[in-house]
Amino acid sequence: MYIKIFNSLMTTRRTRNEIPSCNLEGHIARMTSLLQEKGGNHLTHLTFLKDKEVFWNEEQTVFILYKRFANKLIVLGDPVGEEAHIYQAIKEFSDYGRNKGLKPVFYQISPKFMQHYHDSGYRFVKLGEEGIVNLQLFSTEGKKNGKLRTSLNKLSRNGYSFDVMLPPFSEEVLSEITAVSSMWLGDQKEKGFSVAAFSEEYVSRFPVAMIRDSQGKLIAFATLPTNYKGTISIDLMRKVADSPNGTMDALFVHIFNWAKNNGYEACSLGMSPLSNVGNCHHSFMTEKLIHLAYLHGNSLYNFRGLREFKDKFSTNWEPKYLAYKKTALPIAFVQLLLVINQNQKAKNTF
């Protein structure tokens, strides 16, 4: 019933307030140049999914990635670019939305710029926490990491190997990666917006970490984008169904060692949704309701399992928030879920 209501709302609003599309393809080179100069964040590699639109501030020094959905402009993460212009960019984007009769919602913002959102009239609700591995502190030593060592040693004894390949990739390598991805995906549909989706074009932009069996067959891979500020992310992860237990543990540990040896300071594991939200007596009522979803929603999404997996590696956790103005939060959350779960069309040509 609720989905029908929201779909009706989406259709009605779209016909009233169409926003001219800002072709992301034509902005990729300029956005990449700005990322290389100023650095990005744990989400900016998702620019290259090309499923969003881009808003530039008046001075063309900051960009904001967003997607129009119903009466919302849903922004992915913090604005990117010249930090001295972030506050003004948030105000300009807010004015842009107001002039169109639409409500900006900033998804997965960091604490760093919260004062700017606050001063622009936004409210906040915590969404979860991003797991971060300090590569100088991470170690597989000690009793706590015994299972990680066991996984590494078992795969090594059985002739499994690890490697990181840099683009451009041969047709043979792309074919191998595509086959593993297809097997992992099965009958599921790709997600998007804040979640990486497979395409040959997308994976070809990043280094790819790979584990092969003793016969040289690819059994698992992960793409490794950078934020251009000393942090690498474990992004799109896929493995074959019959991979040995501990394959992903071993893949992660190998990636940490590779990243450390290549001068990176940290590795982002992405956000664990609903993690450490609403578990304090003084939390907002909305956050307490989110906490109930975390405790009892595992049949729909393995919230606790994801947190526990990342907790094996993370040395610290950074909170992520939703910044919003006057809006019905339950509707906003449903709209976010619909945006993330929209069917993604794979783009396998260059």
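The chain is numbered in sequence order, starting from 1. All heavy atoms count here, side chains included; hydrogens, waters and symmetry mates do not.
The shortest side-chain heavy-atom distance between Lys100 and Arg68 does not fall under the 4.5 Å cut-off. Counting heavy atoms from C-beta outward, Trp317 and Arg307 have side chains that approach closer than 4.5 Å. Contact check for Lys239 versus Leu251: no side-chain heavy atoms found under the 4.5 Å cut-off.
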- Query: Does the pair Met271 and Tyr107 meet the rule for a side chain to side chain contact (heavy atoms under 4.5 Å, CB included), with working shown?
  - Reply: CA-CA 11 Å; Met271 187 177 75; Tyr107 177 64; 3.9 Å; yes

- Message: Go through it in stages, so that I can follow the logic: the residues are Gln188 and Leu185, the test is side chain to side chain contact (heavy atoms under 4.5 Å, CB included), and I'd like the CA-CA distance, side-chain angles, deciding distance and then a yes or no.
- Response: CA-CA 5 Å; Gln188 302 176 75; Leu185 194 63; 4.0 Å; yes

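At distances below 3.5 Å, at least one donor-acceptor pair connects side-chain atoms of Ser243 with backbone N or O atoms of Val240. Between the side chain of Lys310 and the main chain of Leu269, a donor-acceptor pair closer than 3.5 Å is present.
Applying the side chain to side chain contact (heavy atoms under 4.5 Å, CB included) rule to Lys38 yields the partners Leu34, Glu82; only residues at least two apart in sequence or on another chain are considered. With sequence neighbours left out, the side chain to side chain contact (heavy atoms under 4.5 Å, CB included) criterion links Ala259 to Leu135, Ile232, Tyr264. In this structure, the side chain to side chain contact (heavy atoms under 4.5 Å, CB included) partners of Asp213, at least two apart in sequence or on a different chain, are Tyr160, Gln215, Lys217, Ile219. Ser151 meets the side chain to side chain contact (heavy atoms under 4.5 Å, CB included) test with Asp249; sequence neighbours excluded.
Sorted by first and then second residue, the salt bridge (Lys or Arg N to Asp or Glu O under 4.0 Å) pairs with a member in residues 250-266 form an empty list; sequence neighbours excluded.
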Under 3.5 Å, which donor-acceptor pairs do the side chains of residues 39-47 form with other protein atoms, sequence neighbours left out?
{"residue": "Asn41", "atom": "OD1", "partner": "Leu43", "partner atom": "N", "Å": "2.8"}
{"residue": "Asn41", "atom": "OD1", "partner": "Thr44", "partner atom": "N", "Å": "3.2"}
{"residue": "His42", "atom": "NE2", "partner": "Gln108", "partner atom": "OE1", "Å": "2.9"}
{"residue": "Thr44", "atom": "OG1", "partner": "Asn41", "partner atom": "N", "Å": "3.1"}
{"residue": "Thr44", "atom": "OG1", "partner": "Asn41", "partner atom": "O", "Å": "3.1"}
{"residue": "His45", "atom": "NE2", "partner": "Asp235", "partner atom": "OD1", "Å": "3.1"}
{"residue": "Thr47", "atom": "OG1", "partner": "Thr44", "partner atom": "O", "Å": "2.6"}

